[in-house]
Protein chains: 2
Amino acid sequence: MAQKAGVSVTTVSRVINNSKPVSSELRERVERVIKETGFAPSEVARGLVHRKTKLIGLMIPKVANTFFSQLIEGAEQVAKANGFNILLTVSHMDMEKEVDYLSIFKDRQLDGIIFSVSQFTNLHRQFFNEFEIPTVFLGQQIKETPYPYILIDNFKASYEATKYLINKGHEKIGILKGPDYDISTGYERYRGYQQALQDAGLAVHDDWVFSDFHDINNGYRGMKTIMEQDELPTAMFACSDVMAVGAINYLQDHGFRIPQDMSIIGFDDAELSTMFRPKLTTIRQDSFEMGAEAMRCLIEQIVEKKTEKKEIIFPHQLIERESTAETTNYLRR
Amino acid sequence: MAQKAGVSVTTVSRVINNSKPVSSELRERVERVIKETGFAPSEVARGLVHRKTKLIGLMIPKVANTFFSQLIEGAEQVAKANGFNILLTVSHMDMEKEVDYLSIFKDRQLDGIIFSVSQFTNLHRQFFNEFEIPTVFLGQQIKETPYPYILIDNFKASYEATKYLINKGHEKIGILKGPDYDISTGYERYRGYQQALQDAGLAVHDDWVFSDFHDINNGYRGMKTIMEQDELPTAMFACSDVMAVGAINYLQDHGFRIPQDMSIIGFDDAELSTMFRPKLTTIRQDSFEMGAEAMRCLIEQIVEKKTEKKEIIFPHQLIERESTAETTNYLRR
DNA sequence: CTGTTAGCGCTTTCAG
DNA sequence: CTGAAAGCGCTAACAG
């Protein structure tokens, strides 16, 4: 390349990066050859010099899930707009894999990490202690690192969802939640539910609490388990839309009508919330925008070369649709 | 690192890569320091030496779509198992972006590309002519490059879907398809539909043909457009499940029953096919496995250092569920 | 078996 | 304004 244009590599570098003045003559010559040969500098070599890769590691538990797939799109868009690319890894909620990927991120000298932790273990702690790399945590309040985290207020959102059901006259309210160790969708959402019940003078009925991974089958199974109890709830708070849909499927398959026989509120406002009939009443969180914001926050850390601990709480919103109703005309159970 | 262990960097390299014999004494010393410091070699520097990055570029039009999100998971799993990582880009069906990303892939010296092309333009052609990089195309028969492509037989699958409807006694069959320039989900699926109709002595009714991007709203809109015609079909072939769901929503919202008043067959067997009620009759394609296989095929090219043109046709399968029925007791229209 | 040397393709001093 | 030289962190070829 430099040869072809009859200049030094330095000059080529200078015209490409516009880093130092170059005479218009040489510049033109170089530009011509660039156009002809389609030359572009090796990002790898550049990376070696600058100790920057312009690569962001994005680690999430699952792709095939509206929340995450939209989040990815948001993050990708912002990354692209800032000259970054995304190295995507899927952890499948496996802590070992998470730590494994973390060190891959390190070895590859990624410029930053966006990380949806499933559980912050000692191995995680160790990594972030030993190694310094701009990071944004997703979905959980990770307080023990200097890095920001971004999430919605799961406690509050769940409190509101439960309160909403209570305001509709429900007193027997069950919950379909994530696994206990999943702080945000398991623990926090359960806490909100519990608190709302308590504040209304209602008791938590353990038989109406079901925990497992968020997927449709578990929603189905969870609802089944609960409907096999002697005493039945009149409303359910499903901590994800997929759980809600699974639950509704179970109920409909067994002759129950929604919302006439059971009110169900979901969480996420996934695309399916409106495709599904009845349309889901749910808590909306803007996952695309959360991905975008996480990426903005990360890039800011990278370019400013400083990270400040901050907590980004995203707004959520209760959207009332068709899967919930007043208790007034509920059958006696 | 080398200093700490009191050896040369070469020796360190040798124990890490096990590339040449090292005395057990030095080896131990080095290993100890590695353990202590958590040292790991820079992938970037390695990449520069080897001209390999162990990175695969994956370009798809959309993440938030079951077909692609599962495909990503399949590809990621295989990549990981072989020591590769994925650089993910989302093209949003934008040809310029596609070409743009292609050259990013080149500049970053990715080891290979898995590419779901929307339309193979001159710019694409030019890229693949000028530049040699292991590639696997996804979803379209790209015949003009030396690289393999992987897809299902869209023509045949659509023929079967349409034939299935015909066998149920339907003679008035509409179609909700992808945009024309989308060879696989637009053109090929339309061709299969058309051929099946023709072979059965049925005519294509242009008013029952609707084309647009595959999403739920377009399914809704498409069905609306068709239902506003004077003469109505008794069955629809939706070229994607999301289209099918949109269509069903429209019909149900307007008092039609599925499948009693209209039979609908989808395409993809997305997760929602069974969550949705009525459960969708659809054409199943295994996108996870397609992603995995594409990655295997790509990695083979990379390690064998040779590419042979091949065509990987994945099986598809018609799955009969609840959204289709015999015409026998259809209302006269 | 081990270390020294060269070089991967770039950018950044440092001279001129 | 321009080029030569040094070096980013590693591996491979070459001596010893």
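Chain letters run A, B, ... following the sequence lines, proteins first and then strands; every chain starts at 1.
Both A:Pro21 and B:Arg14 sit near DNA chain D, but only A:Pro21 has its closest nucleotide nearer the 5' end. Toward the 5′ end of DNA chain C lies the nearest nucleotide of B:Gly6, the other residue of the pair B:Gly6 and A:Arg46 mapping further downstream. With the nearest nucleotide of DNA chain C identified for both B:Thr11 and B:Val49, B:Thr11 has the one nearer the 5' end.
Annotation: cation-pi pair B:Lys106/B:Phe131 present, NZ/CZ under 6.0 Å from the ring centroid and within 45° of its normal. A cation-pi arrangement, defined by a distance under 6.0 Å to the six-membered ring centre and an angle within 45 degrees of its axis, is absent between B:Lys4 and B:Phe39.
Atom CZ of A:Arg29 is separated from atom P of D:dC1 by 16 Å (rounded to the nearest Å). Following rounding to the nearest Å, B:Lys20 (NZ) and C:dT4 (C1') show an atom-to-atom distance of 13 Å. Rounded to whole Å, the distance from CZ on B:Arg27 to C1' on C:dT2 is 13 Å. When rounded to the nearest whole Å, the span between CG of A:Asn17 and P of C:dT11 equals 5 Å. Atom P of nucleotide C:dT2 and atom CD of B:Glu28 are separated by 12 Å, given to the nearest angstrom. Following rounding to the nearest Å, B:Asn18 (CG) and D:dC10 (C1') show an atom-to-atom distance of 17 Å. At whole-Å resolution of the value, CD1 in B:Ile16 and P in C:dT2 are 15 Å apart. The distance between atom NZ of A:Lys52 and atom P of C:dG9, rounded to the nearest whole Å, is 23 Å.
Checking C:dG3, D:dG7, D:dA5 against the side-chain heavy atoms of A:Thr10 singles out D:dA5 as nearest. Side-chain atoms of B:Ser13 lie closest to D:dT11 of the nucleotides D:dT2, C:dC10, D:dT11. Taking every side-chain heavy atom of B:Leu48 into account, D:dG9 is the closest of C:dT11, D:dG9, D:dT11. Distances were taken from every side-chain heavy atom of B:His50 (C-beta onward) to each of D:dA12, C:dG9, D:dC10; the shortest belongs to D:dA12. Taking every side-chain heavy atom of B:Phe39 into account, D:dC10 is the closest of C:dT2, C:dC8, D:dC10. Looking at the side chain of A:Leu26, the nearest of the listed nucleotides D:dG3, C:dT12, D:dG9 is D:dG3.
Counting any heavy atom pair closer than 4.0 Å across all strands shown, A:Val22 reaches sugar-phosphate atoms only and no base atom. A:Ser42 comes within 4.0 angstrom of sugar-phosphate atoms only, judged by non-hydrogen atoms across all strands, and of no base. Nucleic acid contact class of A:Arg51 (heavy atoms, under 4.0 Å, all strands): sugar-phosphate only.
Within a 6.0 Å radius of OH in B:Tyr187, other residues, nucleotides and ligands contribute 12 heavy atoms or fewer.
Closest heavy-atom contact between B:Leu58 and B:Ala75: CD2-CB, 4.3 Å.
Counting heavy atoms from C-beta outward, B:Glu144 and B:Phe120 have side chains that approach closer than 4.5 Å.
Ring geometry, A:Phe115 versus A:His124: the interplanar angle falls under 30°, so the pair is classed parallel (tilted spans 30 to 60°).
The base of D:dT2 is not paired with the side chain of A:Ser23 by any donor and acceptor separated by under 3.5 Å.
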